[in-house]
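As structure tokens, the structure follows; a few thoughts come after it.
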Amino acid sequence: MTGSGLRYTGRFAPSPTGPLHAGSLAAALASWLDARAHGGRWLVRIEDVDTPRCVAGGGEFILQQLAACGLLPDAPPEWQSARTALYERALAQLIEQGDTYPCACSRKDIEDAQAALGHARERHAALPYPGTCRHGLHGRAGRSWRFHVANFKQKQVSALDYQAPIAINSVANELVHWQDRRLGSQVQDVAAAVGDFVLRRADGLWAYQLAVVVDDADQGITDVVRGEDLADNTPRQILLQQALGVPAPRYLHTPLVWGDNGEKLSKQNGAQALDLSNPLLALAQAAQVLGLPALEDARNRSLSDGLHAWAAAWRRNYNGDRD
Ligand code: GLU
């Protein structure tokens, strides 16, 4: 149970851009363990909205990999590609409320406007959208939809909200505060860090931010447990939750796996496909990343034995904050 009496519901939400690797298995294991440690439900959602990045059969393969590791969802997996009506409805609500506006800018338009403002892009650093279309398209055709961060007025938080109150300091200075179960107190000035972010892309595809918020709310997710590389998306998602009037889940961002080049392990930097000929060994490596103790007598343990032991260790590490 969560503090509000709602049943704990967690999820793992992989994008099917390739098979699971050591980093994504650690995130999957963490979300599964957290659900088990709370006696809750664990769902899997295949985030296949960014179709150009998805690989054929990728979602099915990930589900097989999870099953091989004994990580079985408590309900049939959902596929975002089948849920676009929900995203349409959410965007229509935001349009109606005046929380989003159409944007005509191409990537080059944005870079030119940033350069004109004297902002030079540093390597890897993304600059906030300069707000060119915020007050009208001036005869240009809208291509994407952006969330109007500065226009955002704090909505009545639903009575179902089970997160500590979220402070949004003012309309001109959108500081979003949140409490991460592992990283502690976090704050982001969304306007300064990312600016008005995209909800629907120029190519018509749904942006991750909108789809993830709509789905977490629709599926009753009480706890999001995912990799730390996604932590800086959380304030945008909290703003969207407030704009849509849906509850904010609690968040726990897990440690990442680092590649030999010192960068976070990802498909882009050559993460090896997982060797699941011995799933317990792969899980033991994931558990180590998560700071869980090694199994005693690992050779003679079954998969369910190992998962059980790690769930108990996880409960000791992370449940004190709720129960
Ligand atoms: N689909 C996202 C990814 O694979 C994760 C989304 C989430 O957990 O919020 O990076």
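In listed order, ligands and their atoms are each counted from 1.
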Requested in this report: State whether Asp112 and Lys108 are salt-bridged, where the test is any N-O pair (Lys NZ or Arg NE/NH1/NH2 against Asp/Glu carboxylate O) under 4.0 Å.
Outcome: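 Result for this pair is yes, salt bridge flagged.
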
Query - Arg45/Asp218 salt bridge by N-O under 4.0 Å criterion - result: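 The answer is no: the pair does not qualify as a salt bridge.
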
**Report entry** Val212-ligand 1 polar pair, N/O distance under 3.5 Å
**Finding:**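 Among all N and O atoms of Val212, none is under 3.5 Å from an N or O of ligand 1.
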
Query - Cluster check Val212, Leu86: I/L/V/M/F/W/Y, side chain < 4.5 angstrom - result: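 Yes, same cluster.
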
Query - Mode of Leu230 contact toward ligand 1 - side chain, backbone, both, neither (heavy atoms, under 4.0 Å) - result: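 Looking at Leu230 and ligand 1, just side chain atoms fall under 4.0 Å.
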
Query raised in the report: For ligand 1, which part of His253 has a heavy atom less than 4.0 Å away: the side chain, the backbone, both, or neither?
Result: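 The answer is neither.
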
Report task. Mark the output for Tyr208 as yes if a heavy-atom distance to ligand 1 is under 4.0 Å, and as no if none is. Result ->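 Yes; Tyr208 lies near enough to ligand 1 that a heavy-atom distance drops under 4.0 Å.
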
Query raised in the report: With a 4.0 Å cut-off on heavy atoms, does Gln237 reach ligand 1?
Result: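 The answer is no: ligand 1 sits nowhere under 4.0 Å from a heavy atom of Gln237.
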
Query - For Arg226, atoms of ligand 1 separated by under 4.0 Å from a heavy atom - result: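 Counting from 1, the qualifying ligand atoms are 7 (C), 8 (O), 9 (O).
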
**Report entry** Element-labelled atoms of ligand 1 that are located less than 4.0 Å from some non-hydrogen atom of Arg11
**Finding:**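 The list of qualifying atoms is 7 (C), 8 (O), 9 (O).
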
Query raised in the report: Mind checking whether Tyr8 and His38 have parallel, tilted or perpendicular rings, split at 30° and 60°?
Result: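 Judged by the thresholds at 30° and 60°, the geometry between Tyr8 and His38 is parallel.
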
Requested in this report: Verify side-chain hydrogen bond (donor to acceptor under 3.5 Å, both in side chains) between Asp215 and Gln80, making sure each step is shown before the conclusion.
Outcome: CA-CA 8 Å; Asp215 286 339; Gln80 284 191 325; 2.9 Å; yes

**Report entry** Geometric cation-pi criterion, Arg236 with Phe147: 6.0 Å, 45°
**Finding:**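 So Arg236 doesn't make the cation-pi contact.
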
